[in-house]
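Atom set for the values below is all heavy atoms of this structure, side chains included, hydrogens, waters and symmetry mates excluded. Numbers here are sequence positions counted from 1. Bear in mind the structure is a predicted one, so any value in this text is a computation, not a measurement.
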Amino acid sequence: MEQTEPRVIYTERNTPKRVVIRSDGALYAVLLLGTFLMIVLAYRLTARLGINRLYVQIGLYAALLGIGYLIYRVRLTEYVYELTEDTLIIQQAVGKRQRVLVSVPFSAIREIGPYLQTEVKREPRTYHGRRAFTTAIRFERENEDRIVLLRASDTLKEKLAEVVSCGKRIG
């Protein structure tokens, strides 16, 4: 039996804002310079303070891994919001690789509105920026109330509101 891809009605990307370093080339240069500076600093610490070189190198590698993970989460990760005929699909995109994080059928959506401190179970992070500026999609899955937070544009909010208010299907 042949499976067909759902027809995408609307797509939107939530990309991180590039505030301090605006280009990828400049980011690469700053990272390279920072790595060399950390190596020089580690060498000076071992020479002047007599700290064991192994401990300094472990700390250096841990710092580089932490910085790399932070850059991955803050700078390289994008979120793609797709509306199909009957589902909201949220994907995490890094480069050309995309992975589905959340898929919410329109029939399961209970409410769309601003984020409030609630007790319901949250889905994985699907937005960039502050939580206070997100749009909350409250829905039900497996008889449990859940919430997914989006950094949605006004167009996406209107389309989702249209879905919830009327027929539960667009297209």
Side-chain angles (χ1 to χ4, degrees), residues 3-31 34 62-171:
Q3 285 187 342
T4 60
E5 289 284 321
R7 188 170 68 98
V8 177
I9 309 275
Y10 180 77
T11 301
E12 183 173 297
R13 287 183 93 85
N14 180 244
T15 59
K17 291 188 178 180
R18 297 180 176 200
V19 179
V20 178
I21 302 173
R22 297 186 187 268
S23 74
D24 290 336
L27 175 66
Y28 177 74
V30 167
L31 289 175
L64 288 174
L65 282 172
I67 291 169
Y69 181 74
L70 181 69
I71 289 171
Y72 168 79
R73 292 293 297 168
V74 173
R75 176 76 181 236
L76 301 176
T77 304
E78 297 178 341
Y79 298 101
V80 180
Y81 309 137
E82 289 183 344
L83 292 178
T84 64
E85 294 173 345
D86 58 354
T87 308
L88 167 67
I89 300 170
I90 302 168
Q91 300 177 356
Q92 182 184 45
V94 180
K96 293 183 180 181
R97 185 181 65 106
Q98 291 188 349
R99 177 176 62 120
V100 174
L101 294 177
V102 182
S103 178
V104 181
F106 293 151
S107 59
I109 296 176
R110 301 287 176 245
E111 179 186 358
I112 299 171
Y115 172 72
L116 305 170
Q117 294 289 87
T118 59
E119 298 281 330
V120 299
K121 185 173 181 179
R122 270 201 330 248
E123 294 295 323
R125 186 178 178 105
T126 56
Y127 61 93
H128 285 289
R130 288 198 201 142
R131 187 180 301 155
F133 300 125
T134 61
T135 301
I137 310 292
R138 293 170 183 83
F139 64 99
E140 188 176 316
R141 177 175 291 149
E142 300 167 0
N143 295 325
E144 190 176 275
D145 288 336
R146 293 185 181 232
I147 188 170
V148 65
L149 303 176
L150 310 176
R151 194 70 184 258
S153 68
D154 291 336
T155 306
L156 182 60
K157 288 179 193 175
E158 288 172 11
K159 289 186 181 290
L160 284 169
E162 176 184 321
V163 165
V164 170
S165 67
C166 63
K168 303 284 187 201
R169 189 170 173 91
I170 59 177

Q: Sorted by first residue and then second, give each salt bridge (Lys or Arg N to Asp or Glu O under 4.0 Å) pair with at least one member in residues 146-157; sequence neighbours left out.
A: E123-R146, E144-R146

Q: Mind checking side chain to side chain donor-acceptor pair (under 3.5 Å) for R13 and listing every partner two or more places apart, or none if nothing turns up?
A: E78

Q: Over all heavy atoms of both residues, which pair between F106 and E85 is shortest? Give the atoms and the distance, please.
A: CE1-O, 3.6 Å

(Q) Within this structure, what is the CG-OH distance for the pair L160 and Y10, rounded to the nearest 0.5 Å? (A) 9.5 Å

Q: Please identify each residue that fulfils salt bridge (Lys or Arg N to Asp or Glu O under 4.0 Å) with E12, with sequence neighbours left out.
A: none

Q.
Checking S23 now: which residues fulfil side-chain contact (heavy atoms from CB on, under 4.5 Å) with it, not counting sequence neighbours?
A. A26

Q.
Can you confirm whether T135 sits close enough to L149 that some side-chain heavy atom of one is under 4.5 Å from a side-chain heavy atom of the other?
A. no

Q) How would you list, by chain and number, every residue that makes a salt bridge (Lys or Arg N to Asp or Glu O under 4.0 Å) with E140, sequence neighbours excluded? A) R110

Q: Could you tell me which residues satisfy side-chain contact (heavy atoms from CB on, under 4.5 Å) with R130, sequence neighbours excluded, listed by chain and number?
A: F133

Q) So, do T126 and N14 sit near enough that their side-chain heavy atoms are less than 4.5 Å apart? A) no

Q) Which residues satisfy the ring-ring contact (aromatic ring centres under 6.0 Å, His included) test with Y79, sequence neighbours excluded? A) H128

Q: Please name all residues satisfying salt bridge (Lys or Arg N to Asp or Glu O under 4.0 Å) with R75, sequence neighbours left out, ordered by chain then number.
A: D24

(Q) Consider side-chain contact (heavy atoms from CB on, under 4.5 Å). Of L88, I89, L150, V148, which one does V102 pass it with? (A) V148

Q. Is V100 close to I90 at the side-chain level, that is, under 4.5 Å between some pair of heavy atoms?
A. no

(Q) Which heavy atom of A136 sits nearest to which heavy atom of P114, and what is that distance? (A) CB-O, 3.9 Å

Q) Which residues pass the side chain to side chain donor-acceptor pair (under 3.5 Å) test with Q91, sequence neighbours left out? A) none

Q: Evaluate the side-chain proximity of Y72 to T77: yes if any heavy-atom separation is below 4.5 Å, no if none is.
A: yes

Q) Between atom CD1 of I112 and atom CG of L156, what is the distance when rounded to the nearest 0.5 Å? A) 8.5 Å

Q. What residue among R125, R99, Q98 forms side chain to side chain donor-acceptor pair (under 3.5 Å) with Q92?
A. R99

**Q.** Full working for side chain to side chain contact (heavy atoms under 4.5 Å, CB included) between R7 and D86
**A.** CA-CA 9 Å; R7 188 170 68 98; D86 58 354; over 6 Å; no

Q) Under the 3.5 angstrom rule, does the side chain of T87 hit a backbone N or O of T84 as a donor-acceptor pair? A) no

**Q.** Beyond-backbone contact of Y81 with Y127, side-chain heavy atoms, under 4.5 angstrom
**A.** yes

Q. For the atom pair OG (S153) and CD (E158), what is the distance rounded to the nearest 0.5 Å?
A. 8.5 Å

(Q) Testing the basics here: between V104 and F139, what is the closest heavy-atom pair and its distance to 0.1 Å? (A) CG1-CG, 3.7 Å

Q.
Just to verify, what does V30 make a side-chain contact (heavy atoms from CB on, under 4.5 Å) with, not counting sequence neighbours?
A. I21

